[in-house]
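Numbers for residues simply follow the sequence, beginning at 1.
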Amino acid sequence: MGKADFLTPKAIANRIKSKGLQKLRWYCQMCQKQCRDENGFKCHCMSESHQRQLLLASENPQQFMDYFSDEFRTEFLELLRRRFGTKRVHNNIVYNEYISHREHVHMNATQWETLTDFTKWLGRAGYCKVDETPKGWYIQYIDRDPETIRKQQEQEKKKKQDLDDEERTAKFIEEQVKKGLEVTEQNTPTYTELSRQNEEEKVAFNLNKGASTSGTATTKSSSLVSNALKSAAVMGSVKRKDTSQVQPKEKKKKSALDEIMEMEEKKKKTERTDFWLQPEIVVKIVTKKLGEKYYKKKAVVKEVIDRYTAVVKLVDSGDKLKLDQTHLETVIPAPGKRVFVLNGGYKGHFGILDCINEKSFSATIEIDSGPLKGRKVEGIPYEDISKVA
């Protein structure tokens, strides 16, 4: 019988069958050939090429088994790393996704008889963390990539520096509070009880002593009274001047928290950098080199590479692209939405967009995180803030 034409139903059915997975018992791992039925597999086993391959395998069967085992392990771990990362996942889910590829290495050609044996071996070899549950075996990939380890070390170092800064700030606040308490203790007056040393002694007041004396005495007493009143008036004016001079000093005196906040603001104003990419922010593609399909499209930054390059995922299509920051720009949301400060004095803070000044190409935001929460900041340029994904 002749071969069916290209567009006949039989030819179309044969092509569909050849694309999909076939039965494992009709697959020859040595020749890496998939047969459709028992008759085809029988004819293949009787072929000269299959017999020649069996002779080669019989000379050193362990070499071929090691080769297939290594291929199976490499492809399985690559799929686990790329698809699931370091997440904890059931081993059967990974295996089902692995065998869905037509050209995969079958487990019956490896040194492991079952998937459970292979999972236990991964745990013993240190490739994955494995644990047995009533639902089956779960695996978690251990990422030993030098680049990943370096990034983790940098993150830990940064966290340690942040903790050191916070400890220094807390210590400084504690010292300022102690100084303030000492000053208040020195200025507080001490009150004592009114007590007489001798109980028998009487307290007497003589207000008319000057009336029985002569006129000269009265004049002296009147002059003394007038002098005393003048001196009291002078002392009162001096005290008022002193208090008037002290009051502005007290107004100028700042609390410890204000001093710390001023120090932090001065420090942050000098931290302006030429890179601004951050994960989980919304950006817009502004380059035309990728074509009209991606021009002016919005995307979410998923990963930042070497500060100036980012892996972005398009909001509409879900495509992933690797772009430089010169090909991207920030996205300003509607008022009331959350933004992230990318550069300048308040870098690293979340905020709520309050309003936009189109004339100066700037915005006003309200800080929504950190010790400056609730503060309104005006005049932040468009390129220093972006919408949060």
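Among all heavy-atom pairs drawn from Val301 and Ala310, the shortest one is CG1-CB, 3.9 Å. Between Leu79 and Val94, the shortest heavy-atom distance links the atoms CD2-O, 3.7 Å. Closest approach of Ala389 to Val300, counting heavy atoms only: CB-CG1, 3.6 Å. Scanning all heavy atoms of the two residues, the minimum distance from Val312 to Ala299 falls at CB-CB, 3.9 Å.
Applying the side chain to side chain donor-acceptor pair (under 3.5 Å) test to every pair with at least one member in residues 379-389, sequence neighbours left out, gives these pairs: Arg272-Asp384. Among pairs with a residue in residues 122-141, those fulfilling salt bridge (Lys or Arg N to Asp or Glu O under 4.0 Å) read Arg88-Asp131, at least two apart in sequence or across chains. Identified under the ring pair (Phe, Tyr, Trp, His ring centres under 6.0 Å) test for residues 287-323, with sequence neighbours left out: Phe275-Tyr308. Counting only residues at least two apart or in different chains, side chain to side chain donor-acceptor pair (under 3.5 Å) contacts with residues 358-373 comprise Asn357-Ser360, Ser360-Ser362.
With rounding to the nearest 0.5 Å, the separation of CD1 in Ile367 from CD1 in Ile352 is 10.0 Å. Expressed to the nearest 0.5 Å, how far CZ of Phe68 lies from CD of Gln111 amounts to 13.5 Å. Here Lys296 contributes atom NZ and Glu329 contributes atom CD; the two are 5.0 Å apart, rounded to the nearest 0.5 Å. If you take CD1 on Ile365 and CD on Glu378, they are separated by 11.0 Å, rounding to the nearest 0.5 Å. Here the straight-line distance linking atom NZ of Lys298 with atom CD1 of Ile285 works out to 12.5 Å at 0.5 Å rounding.
Aromatic ring centroids of Phe76 and Tyr95 lie 6.0 Å or more apart. Taking the six-membered ring for Trp and the full ring otherwise, the centers of Tyr141 and Tyr127 sit at least 6.0 Å from each other.
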Inset, instruction - Would you please test Lys42 and Glu38 for salt bridge (charged side-chain N to carboxylate O under 4.0 Å, His left out) and show each step? - result: CA-CA 6 Å; Lys42 183 179 178 182; Glu38 189 175 357; over 6 Å; no
Inset, instruction - Evaluate the criterion side chain to side chain donor-acceptor pair (under 3.5 Å) for residue pair Lys347 and Thr273; output intermediate values, then yes/no. - result: CA-CA 10 Å; Lys347 181 179 179 180; Thr273 57; 3.2 Å; yes
Inset, instruction - Apply salt bridge (charged side-chain N to carboxylate O under 4.0 Å, His left out) to Glu78 and Arg81, showing your working. - result: CA-CA 5 Å; Glu78 178 64 22; Arg81 182 188 67 82; 2.8 Å; yes
Inset, instruction - Decide salt bridge (charged side-chain N to carboxylate O under 4.0 Å, His left out) for Glu175 and Lys179; before the verdict, give the C-alpha distance in whole Å, the side-chain angles of both, and the deciding distance to 0.1 Å. - result: CA-CA 6 Å; Glu175 290 177 356; Lys179 287 181 181 178; 5.7 Å; no
Inset, instruction - Before giving the answer on salt bridge (charged side-chain N to carboxylate O under 4.0 Å, His left out), spell out for Glu303 and Lys313 the whole-Å C-alpha distance, their side-chain angles and the decisive distance to 0.1 Å. - result: CA-CA 10 Å; Glu303 183 183 358; Lys313 183 178 181 181; over 6 Å; no
Inset, instruction - Show your reasoning for whether side chain to side chain contact (heavy atoms under 4.5 Å, CB included) applies to Lys120 and Trp137. - result: CA-CA 9 Å; Lys120 292 179 180 178; Trp137 286 86; 3.4 Å; yes
Legend entry - Verdict with reasoning, Val388 to Phe350, per side chain to side chain contact (heavy atoms under 4.5 Å, CB included): CA-CA 9 Å; Val388 179; Phe350 288 94; 4.0 Å; yes
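Using a cut-off of 4.0 Å between Lys/Arg side-chain N and Asp/Glu carboxylate O, Glu147 and Arg150 are scored as salt-bridged.
One N or O on the side chain of Thr110 and one on the backbone of Met107 form a donor-acceptor pair closer than 3.5 Å. Side chain of Gln325 to backbone of Asp274: a donor-acceptor contact under 3.5 angstrom is found. The closest donor-acceptor contact from the side chain of Thr309 to the backbone of Asp306 lies at 3.5 Å or more, if one exists at all. With hydrogens and angles ignored, the 3.5 Å screen pairs no side-chain donor or acceptor of Tyr98 with any backbone N or O of Leu80. Of the possible polar contacts, one joining the His349 side chain to the Tyr346 backbone as a donor-acceptor pair under 3.5 Å is found. Under the 3.5 Å distance criterion, the side-chain polar atoms of Asp70 are left unmatched by any main-chain donor or acceptor of Asp66.
By the ring pair (Phe, Tyr, Trp, His ring centres under 6.0 Å) test, Phe361 is found to be paired with no residue, residues two or more places apart in sequence or in another chain being considered. Scored by the side chain to side chain donor-acceptor pair (under 3.5 Å) test, Thr326 finds Asp324 as partners (sequence neighbours excluded).
Using modelled atom types and a 3.5 Å distance limit, the side chains of Thr86 and Asp143 yield no donor-acceptor pair. At a cut-off of 3.5 Å, with distance as the only test, a side-chain donor of Thr114 or Asp117 sits close to an acceptor on the other residue.
Val315 is not connected to Leu277 by any chain of hydrophobic side-chain contacts under 4.5 Å among Ile, Leu, Val, Met, Phe, Trp and Tyr, and they are in different clusters.
Each of Phe118, Trp121, Tyr67 was evaluated against Phe72; a single residue qualifies, Phe118, per the ring pair (Phe, Tyr, Trp, His ring centres under 6.0 Å) test.
Annotation: side chain of Ile332 is in contact with side chain of Ile356 (closest heavy-atom distance under 4.5 Å). Residues Ile385 and Thr330 have side chains not in contact (no heavy-atom distance under 4.5 Å, counting atoms from C-beta outward).
Within a 6.0 Å radius of CD in Gln51, other residues, nucleotides and ligands contribute more than 12 heavy atoms. Annotation: Lys178, atom NZ; neighbour count of heavy atoms from other residues, nucleotides and ligands within 6.0 Å does not exceed 12. In Glu113, the CD atom is not crowded: 12 or fewer heavy atoms of neighbouring residues, nucleotides or ligands sit closer than 6.0 Å.
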